[in-house]
Amino acid sequence: MLTLTNSAAAFAAAKQLFPGGVNSPVRSFGSVGGTPPFIARADGSRIFDIDGNEYIDYVGSWGPMIFGHAPKEVVDAVTEAAKNGTSYGAPTLLESRLAALIQKAYPSMEMMRMVNSGTEATMSALRLARGYTGRNKIVKFIGCYHGHSDSLLVSAGSGAATFGMPSSPGVTKNTAADTIAVPYNDVAAIEEVFAKWGEDVAAVIVEPVAGNMGLVLPKDGYLQKLRDLTAKNGTVLIFDEVMCGFRVAVGGAQEAYGITPDLTCLGKVVGGGLPCAVYGGRREIMECVSPAGKVYQAGTLSGNPIAMAAGIAVLTKLIGNADGVDYARKLQRQTEKLVGGLKELADAVGIPVQAHKAGSMFCLFFAAHKVENYDDVSACDFALFTKYFRGMLAEGIYLAPSQYETLFMSAAHTDGDIDRTLTAAKKVFESL
Ligand SMILES: *Cc1c(COP(=O)(O)O)cnc(C)c1O
């Protein structure tokens, strides 16, 4: 059995300091119960808690750690950068170097702006879309997550294509009313929105590969439909690739599916595990951002030199092909091996699962039905998921503590790690 004595004490103490004991909700293990391990350190594919337990980590800080934990290139780059000062609030060459690397993989980002979090990137991109079009309404999809800014904490009103309702106290009805929330992968629903409000819609924001309701892939032709409808109506199409960027493909979903959005948001991998995110896209739109244009957006620590150095180190390795390894292929192969193995093991004991994967992202839904939208995810067997999660944790496999989350392969995961994970899964499946 897993001993979490020190973590339990730390969690109790942290609850006096932080709401729920954490600085971001999912870390509290709320939906699966029990004590979240407090992490002492991490290295490669492994994380270690303050009770001395070691885990193979498939959370990877929720996506950024594409080369695993503490890769030498990043540690060296960050250490060097820090020696030169940690922030200046003035332009540097590092920002332009990271931007050039990003453009190599995302040519649609003709201009960009560095920010500090995915939340800031999407919030700023939406303000920009509104400023550019002079329209108020935005469309988001149920189950897609774009950070915690007010206009995105909105759930669907009653019936398809109606005004949104606040999904959190503190978000005003008026703010929510400008957000229209529709089901993902539902062509009729988005057509209805444009039939009703086409001229008023400033932006459609979408996770082109959805990773915040588990991993849900776009149906054939769905992204093209969004592209066609937005183009026809003069609406800005925003791909929120904060999670799927660099993971579905190096060039994100826009490369994988061959669809060019007007604006793109990146985060997570782009900062190499430091606080950094980016929004950017068509020059004509981006030139509306202050001080080139009138749409205000700023940040004391934006383009922070340490974060830039980490991002440059990661992207150089990933897209600069610095060491001659095709990491995208390697990650995809490892992911296929693990996900294929998990599916086989579940099938062997008759547990119905939907095994989804895209590049280095993957997820196991406990369901016999196809999973194509948020309602499908909500109909999964959560009790079974929780048992699986707890069993895997006890076996030293660290998974996301929710059926609504995606898992991430890193280039530091070895064949041995995958074999160990499958051995653990076999044992856990047989015990369910
Ligand atoms: C994580 C995430 C965000 C929010 O990023 P933060 O850095 O947590 O603010 C936005 N969009 C998507 C798709 C994400 O996965």
Side-chain angles (χ1 to χ4, degrees), residues 22-28 58-66 106 113-129 138-154 167-168 179 181 184 203-218 223 226 237-249 252-254 256-257 261 263-281 297 299 301-304 307 310-311 314 356 358-363 373-374 377 400-402 404-408:
V22 291
N23 285 305
S24 195
V26 73
R27 298 179 196 173
S28 74
Y58 292 103
V59 175
S61 188
W62 305 95
M65 316 315 296
I66 199 162
Y106 296 81
R113 174 61 63 83
M114 305 289 178
V115 293
N116 303 289
S117 70
T119 295
E120 261 187 84
T122 58
M123 177 184 77
S124 308
L126 287 169
R127 181 185 305 133
L128 172 59
I138 58 168
V139 176
K140 82 173 285 282
F141 298 93
I142 299 162
C144 285
Y145 176 71
H146 307 289
H148 62 88
S149 70
D150 282 11
S151 62
L152 292 163
L153 293 181
V154 169
S167 67
S168 163
T179 301
Y184 186 73
V204 168
I205 186 166
V206 65
E207 284 183 79
V209 170
N212 284 285
M213 48 174 152
L215 177 65
V216 177
L217 305 181
L223 297 175
L226 298 184
L237 179 61
I238 305 173
F239 271 13
D240 179 357
E241 301 222 40
V242 167
M243 183 184 281
C244 65
F246 304 102
R247 287 222 171 247
V248 168
Q254 51 199 273
Y257 291 88
L263 294 177
T264 299
C265 299
L266 297 173
K268 300 196 166 109
V269 169
V270 82
L274 274 85
C276 168
V278 189
Y279 70 100
Q297 187 269 308
L301 294 176
S302 294
N304 175 266
V314 164
H356 288 193
S360 55
M361 298 164 70
F362 63 99
C363 151
N373 59 37
Y374 186 80
V377 180
S402 164
Y404 291 103
E405 301 290 350
T406 292
L407 300 169
F408 303 94

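Start at 1 and go down the list; that is how both ligands and their atoms are numbered. Side chains are part of it too, since the values below use all heavy atoms of this structure and drop only hydrogens, waters and symmetry mates. Numbers here are sequence positions counted from 1.
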What atoms of ligand 1 come within less than 4.0 Å of a heavy atom belonging to Ser117?
7 (O), 9 (O)

What residues form a side-chain contact (heavy atoms from CB on, under 4.5 Å) with Val154, not counting sequence neighbours?
Ala176, Thr179

When His146 is tested against each of Asp240, Thr122, Asn212 for side-chain hydrogen bond (donor to acceptor under 3.5 Å, both in side chains), which residue passes?
Asp240

Enumerate, atom names and distances included, each donor-acceptor pair closer than 3.5 Å involving a side-chain atom of residues 265-274, sequence neighbours excluded.
none

Do any nitrogen or oxygen atoms of Asn212 come within less than 3.5 Å of a nitrogen or oxygen of ligand 1?
yes

Could you check atom 8 (O) of ligand 1 against the protein and tell me its nearest heavy-atom contact, residue, atom and distance included?
Thr119 OG1, 4.6 Å

Using protein heavy atoms only, decide if any is under 4.0 Å from atom 5 (O) of ligand 1.
yes

Just distances here: any N/O of Asp240 and N/O of ligand 1 closer than 3.5 Å?
yes

Just distances here: any N/O of His146 and N/O of ligand 1 closer than 3.5 Å?
no

Hey, which atoms in ligand 1 end up nearer than 4.0 Å to a heavy atom of Tyr145?
11 (N), 12 (C), 13 (C)

Atoms in ligand 1 flagged as close to Glu207, the criterion being non-hydrogen separation under 4.0 Å:
13 (C)

Would you say Tyr257 and Val209 make side-chain contact, with heavy atoms under 4.5 Å?
yes

Counting only heavy atoms, which portion of Lys268 has something under 4.0 Å from ligand 1: side chain, backbone, both, or neither?
side chain

Does any donor atom in the side chain of Tyr106 or Glu241 lie under 3.5 Å from an acceptor atom in the other side chain?
no

When you check the side-chain N and O atoms of Gln297 and Arg127, is any donor under 3.5 Å from an acceptor?
no

Quick check, are the ring centers of Tyr404 and Tyr374 under 6.0 angstrom apart?
yes

Would Gly118 count as being in polar contact with ligand 1, using the rule that some N or O on each side must be under 3.5 angstrom apart?
yes

